[in-house]
Amino acid sequence: MRVGVLIDGDRSEGELRSLHSWLTQEPTVRRSAELAFREQSAEPGSMGGVLDVLELVTGNGWSAASFVLAVAAWRQTRPRAPQVTIRRGDVEVSICNGSEDELAGVLALLEGDARPNGGPDGGDGPRQ
């Protein structure tokens, strides 16, 4: 499974690097996922891509719950917790305030439930 992690804000590249470092310290994530940075295509007329996605490729033994808890713990260490968006395929979930509902929505996305909380209009679940 491929999972993309995006961080909103003007310091997103530094925050992505910090999250990458945090996740590589987490044994369950380190054992079951490969982490890599990916650049999205540059805007027409710009000079190159921008580092803006941390991609996880998961394998056997993947623990979505451990990953979600690691991201939530990392956010708590930040002076101003950034919005983190988790993307799987065409579906994404954002963690804005770290509420239990948001974390449950991310976990549902990663465990394959494309529409937690009752469907597309079901609260804080994934958005398409």
Side-chain angles (χ1 to χ4, degrees):
M1 167 175 42
R2 288 187 187 275
V3 176
V5 180
L6 301 91
I7 296 181
D8 289 351
D10 54 345
R11 296 185 315 216
S12 63
E13 185 172 339
E15 295 288 18
L16 273 178
R17 290 187 186 285
S18 173
L19 178 57
H20 176 272
S21 178
W22 183 273
L23 292 174
T24 59
Q25 301 295 322
E26 177 62 39
T28 56
V29 174
R30 187 178 60 235
R31 275 194 312 267
S32 61
E34 293 180 28
L35 297 138
F37 293 109
R38 190 181 73 204
E39 293 180 352
Q40 291 204 10
S41 300
E43 296 292 320
S46 67
M47 298 182 66
V50 176
L51 176 68
D52 60 358
V53 178
L54 176 60
E55 185 175 77
L56 287 83
V57 179
T58 64
N60 294 336
W62 163 249
S63 173
S66 292
F67 169 72
V68 171
L69 290 175
V71 171
W74 171 81
R75 284 185 78 250
Q76 291 177 347
T77 69
R78 312 315 297 157
R80 290 183 306 182
Q83 178 176 319
V84 177
T85 301
I86 312 296
R87 182 183 299 158
R88 180 176 174 209
D90 292 338
V91 182
E92 62 183 40
V93 177
S94 292
I95 303 171
C96 300
N97 60 26
S99 70
E100 287 184 28
D101 286 342
E102 285 180 342
L103 299 179
V106 173
L107 187 57
L109 170 70
L110 296 175
E111 290 182 339
D113 180 2
R115 299 197 191 283
N117 301 326
D121 298 322
D124 293 324
R127 295 171 283 149
Q128 282 195 355

Exercise. Would Val106 and Met1 show up in the same hydrophobic cluster when neighbours are defined by side-chain heavy atoms closer than 4.5 Å?
Worked result: yes
Exercise. Could you state the interatomic distance from CG (Leu109) to CZ (Arg88), rounded to the nearest 0.5 Å?
Worked result: 6.5 Å
For this session: Would you please test Leu54 and Phe37 for side chain to side chain contact (heavy atoms under 4.5 Å, CB included) and show each step?
Result: CA-CA 5 Å; Leu54 176 60; Phe37 293 109; 4.0 Å; yes
Exercise. In Å, rounded to the nearest 0.5 Å, how long is the span from CD1 of Ile95 to CG of Asp8?
Worked result: 11.5 Å
Problem set entry | Distance in Å, Leu19 CG paired with Ser12 OG, rounded so as to fall on 0.5 Å steps | 12.0 Å
For this session: Consider only side-chain heavy atoms of I, L, V, M, F, W and Y, link residues closer than 4.5 Å, and tell whether Leu69 and Trp62 are in one cluster.
Result: no
Problem set entry | Side-chain donor or acceptor of Trp22 paired with backbone N/O of Val71 under 3.5 Å | no
For this session: Under the side chain to side chain donor-acceptor pair (under 3.5 Å) rule, collect the residues that match up with Glu55, sequence neighbours excluded.
Result: Arg2, Arg38
Problem set entry | Atom of Ser94, atom of Gln83 and distance for their closest heavy-atom approach | OG-NE2, 3.2 Å
For this session: May I ask you to decide if Ala64's main-chain N or O and Glu111's side chain share a donor-acceptor pair within less than 3.5 Å?
Result: no
Exercise. Is it the case that Glu92 and Thr85 place a side-chain donor and acceptor less than 3.5 Å from each other?
Worked result: no
Seminar exercise, completed: The side-chain contact (heavy atoms from CB on, under 4.5 Å) partners of Ala65 (sequence neighbours excluded) come to Ser63, Leu107
Seminar exercise, completed: All heavy atoms of Val53 vs all of Leu16, minimum pair found to be N-CD1, 3.6 Å
Exercise. Just by modelled atom types, is the Gly4 backbone N or O under 3.5 Å from a matching donor or acceptor in the Arg87 side chain?
Worked result: no
Exercise. Among all residues two or more places apart in sequence or in another chain, which pass the side chain to side chain donor-acceptor pair (under 3.5 Å) test with Arg30?
Worked result: none
Problem set entry | Summary of salt bridge (Lys or Arg N to Asp or Glu O under 4.0 Å) pairs that have at least one residue in residues 56-79, sequence neighbours excluded | Glu15-Arg78
Problem set entry | For Thr28, side chain to side chain donor-acceptor pair (under 3.5 Å) partners two or more places apart | Glu26, Ser66
For this session: Grab the two heavy atoms, one from Leu23 and one from Ala70, that are nearest each other, plus how far apart they are.
Result: CD2-CB, 3.7 Å
Exercise. Under the side chain to side chain contact (heavy atoms under 4.5 Å, CB included) criterion, do Val3 and Ile86 qualify, and how do the steps go?
Worked result: CA-CA 7 Å; Val3 176; Ile86 312 296; 3.5 Å; yes
Seminar exercise, completed: For Trp74, the side chain to side chain donor-acceptor pair (under 3.5 Å) test, sequence neighbours excluded, returns Ser18
